[in-house]
Amino acid sequence: GGALVAFAWEAGYVLLGPNFHCVTPDDAYRSGQPNAAWLGRTIDRHGIRSVINLRGDGHASAWYVNERRVADERDLFFDNVMLSAAFAPHERDLRRLVRTLDAAPRPVLFHCRSGGDRSGLVAAIYLLLYTDTPMDAARGQLCWRYGHNRYGRSACLHGVLDQYEAWLTSQPTEHRPEHLRHWIAKVYRKAT
């Protein structure tokens with residue numbers, strides 16, 4: 001009975017709540033689309049200094065205007081990187097992501113709409129770029145626990161990591177952050 005309650009609570013948190021999770025303590029966090037009040041509390045609670053919106057520039061959309069207002073009021077680093085949950089990232093967007101992550105003061109919060117797909121890919125890339133997390137553990141950021149369906153339309157996001165692993169095998173070499181940087185900058189091509 002207790003396990004069922006815990007599962008129901010976690011499912012509600014992921015699907016209906018903020019889907020907020022720590023990627024690396026005091027360094028990086030991921031979430032679904034924040035509302036202004038929740039974002040303000042989260043900035044205060046975790047000392048967030050950067051927000052990266054993975055949905056692209058929302059211009060006049062209320063969610064975007066409110067998020068941008070909170071970031072500006074708190075004098076945070078804020079940037080937009082357009083990624084899709086249904087299509088593999090374009091080369092320029094994946095390269096822009098790395099530049100944005102490099103520039104963002106820590107702790108950083110990155111988010112998409114639901115917090116399961118685009119945020120999961122970015123969390124995996126973050127772990128591979130800035131920590132010694134092994135590939136299999138980084139892949140764990142794209143799983144059902146965060147609201148990601150590997151077999152849905154967002155399955156293409158796994159293809160990014162699959163391509164990188166195939167390239168490592170072809171070299172042959174093992175993952176290191178500098179290898180991922182090189183691969184994103186010079187090798188990666190969006191699957192068609």
When you group the ILVMFWY residues by side-chain heavy-atom contacts below 4.5 Å and let the links chain together, are Leu39 and Val65 in the same group?
no
Just grab all the ring pair (Phe, Tyr, Trp, His ring centres under 6.0 Å) pairs involving residues 43-62, residues at least two apart or on different chains.
Phe20-His46, Tyr29-His46
So which atom in Gln141 and which in Ala123 form the shortest heavy-atom distance, rounded to 0.1 Å?
OE1-CB, 3.3 Å
For atom CZ of Arg68, is the number of surrounding heavy atoms from other residues, nucleotides or ligands below 6.0 Å larger than 12?
yes
Please tell me if the side chains of Leu83 and Cys112 come closer than 4.5 Å, counting only heavy atoms from C-beta onward.
no
Could you grab the distance from atom CG of Asp117 to atom CG of Leu142, nearest 0.5 Å is fine?
7.5 Å
Once you round to the nearest 0.5 Å, how far does CD1 of Ile184 lie from NE2 of His179?
13.5 Å
Selection residues 160-171 - residue pairs positive for salt bridge (Lys or Arg N to Asp or Glu O under 4.0 Å), sequence neighbours left out
Arg139-Asp162, Arg139-Glu165
Got a sec, which residues hit side chain to side chain contact (heavy atoms under 4.5 Å, CB included) with Arg49, two or more places apart in sequence or on another chain?
Pro105, Pro107
Atom pair CZ (Arg45) and CH2 (Trp38), whose distance is rounded to the nearest 0.5 Å:
9.0 Å
Grouping I, L, V, M, F, W and Y whenever their side-chain heavy atoms are under 4.5 Å apart, do Val98 and Phe78 come out in a common cluster?
no
After noting the C-alpha distance and the side-chain angles of Asp93 and Lys190, does the key distance pass the salt bridge (charged side-chain N to carboxylate O under 4.0 Å, His left out) rule?
CA-CA 10 Å; Asp93 297 323; Lys190 177 181 177 177; over 6 Å; no
Do the non-hydrogen side-chain atoms of Asn149 and Trp144 ever get within less than 4.5 Å of each other?
no
Worked check of side chain to side chain contact (heavy atoms under 4.5 Å, CB included) between His21 and Asn19
CA-CA 7 Å; His21 299 278; Asn19 201 10; 2.9 Å; yes
Evaluate the side-chain proximity of Leu121 to His158: yes if any heavy-atom separation is below 4.5 Å, no if none is.
no
Distance alone, cut at 3.5 Å: any donor-acceptor contact between the side chains of Arg189 and Gln163?
no
Under a 4.5 Å cut-off applied to non-hydrogen side-chain atoms, are Val23 and Val122 in contact?
no
Where do Ala88 and Cys156 come nearest, in terms of heavy atoms and distance?
N-SG, 3.5 Å
Here's one to test your reading of the geometry: is the NZ or CZ of Arg55 within 45 degrees of the ring axis of Trp63 and under 6.0 Å from its centre?
yes
Under 4.5 Å between side-chain heavy atoms, hopping through other hydrophobics if needed: is there a path connecting Val81 to Leu180?
yes
Taking only residues two or more places apart in sequence or in another chain, which ones pass ring pair (Phe, Tyr, Trp, His ring centres under 6.0 Å) with Tyr188?
Trp183
Closest non-hydrogen contact found for Ser119 with Ser31 is OG-O, 3.3 Å
Applying side chain to side chain contact (heavy atoms under 4.5 Å, CB included), name anything that partners Asp27, two or more places apart in sequence or on another chain.
Thr24, Arg106, Tyr126
Shared ILVMFWY cluster between Val51 and Tyr130, side chains joined below 4.5 angstrom?
no
With sequence neighbours left out, what residues match Arg181 under side chain to side chain donor-acceptor pair (under 3.5 Å)?
Asp102
Once side chain to side chain donor-acceptor pair (under 3.5 Å) is applied, do any residues pair with Glu174, and if so which ones, sequence neighbours excluded?
none
Shortest non-hydrogen contact from Asn80 to Gly56?
OD1-O, 3.7 Å
Would you sort out whether Arg99 and Arg95 count as a side chain to side chain contact (heavy atoms under 4.5 Å, CB included), showing the intermediate values?
CA-CA 6 Å; Arg99 289 192 305 273; Arg95 292 175 185 132; 3.8 Å; yes
Could you tell me which residues satisfy side chain to side chain contact (heavy atoms under 4.5 Å, CB included) with Thr133, sequence neighbours excluded, listed by chain and number?
Leu127, Thr131, Ala137, Ala138
Contact between Ser154 and Leu157 at the side-chain level, heavy atoms closer than 4.5 Å - yes or no?
yes
Nearest-0.5 Å distance that lies between atom CZ in Arg118 and atom CD1 in Ile52
14.0 Å
Between Cys143 and Gly140, what is the shortest heavy-atom contact and its length?
SG-O, 3.1 Å
Under a 3.5 Å threshold, yes or no: a donor from one side chain and an acceptor from the other, between His175 and Tyr164?
yes
Quick one: ring pair (Phe, Tyr, Trp, His ring centres under 6.0 Å) pairs with a partner in residues 80-124, sequence neighbours left out?
none
Mind checking what makes side chain to side chain donor-acceptor pair (under 3.5 Å) contact with Thr100, not counting sequence neighbours?
Asp79
Drop me the distance from Glu178's CD to Leu129's CG, to the nearest 0.5 angstrom.
10.5 Å
Worked verdict on Leu94 versus Leu97 for side chain to side chain contact (heavy atoms under 4.5 Å, CB included):
CA-CA 5 Å; Leu94 200 55; Leu97 171 67; 4.1 Å; yes
Taking atom CG as the centre, does Asp72 end up with more than 12 heavy-atom neighbours from other residues, nucleotides or ligands that are less than 6.0 angstrom away?
yes
Return the set of residues passing side chain to side chain contact (heavy atoms under 4.5 Å, CB included) with Ala37 (not counting sequence neighbours), or none when no residue passes.
Asn35, Arg41
Is there side-chain contact between Arg96 and Met82, with at least one heavy-atom pair below 4.5 Å?
no
Step by step, work out the side chain to side chain contact (heavy atoms under 4.5 Å, CB included) result for Val108 and Ile48.
CA-CA 6 Å; Val108 58; Ile48 302 297; over 6 Å; no
Counterpart residues, side chain to side chain donor-acceptor pair (under 3.5 Å), relative to Glu73 (two or more places apart):
Arg69
Quick check: do Arg30 and Leu109 have side-chain heavy atoms less than 4.5 Å from each other?
no
CG on Leu101 to CD1 on Ile125, rounded to 0.5 Å
8.0 Å
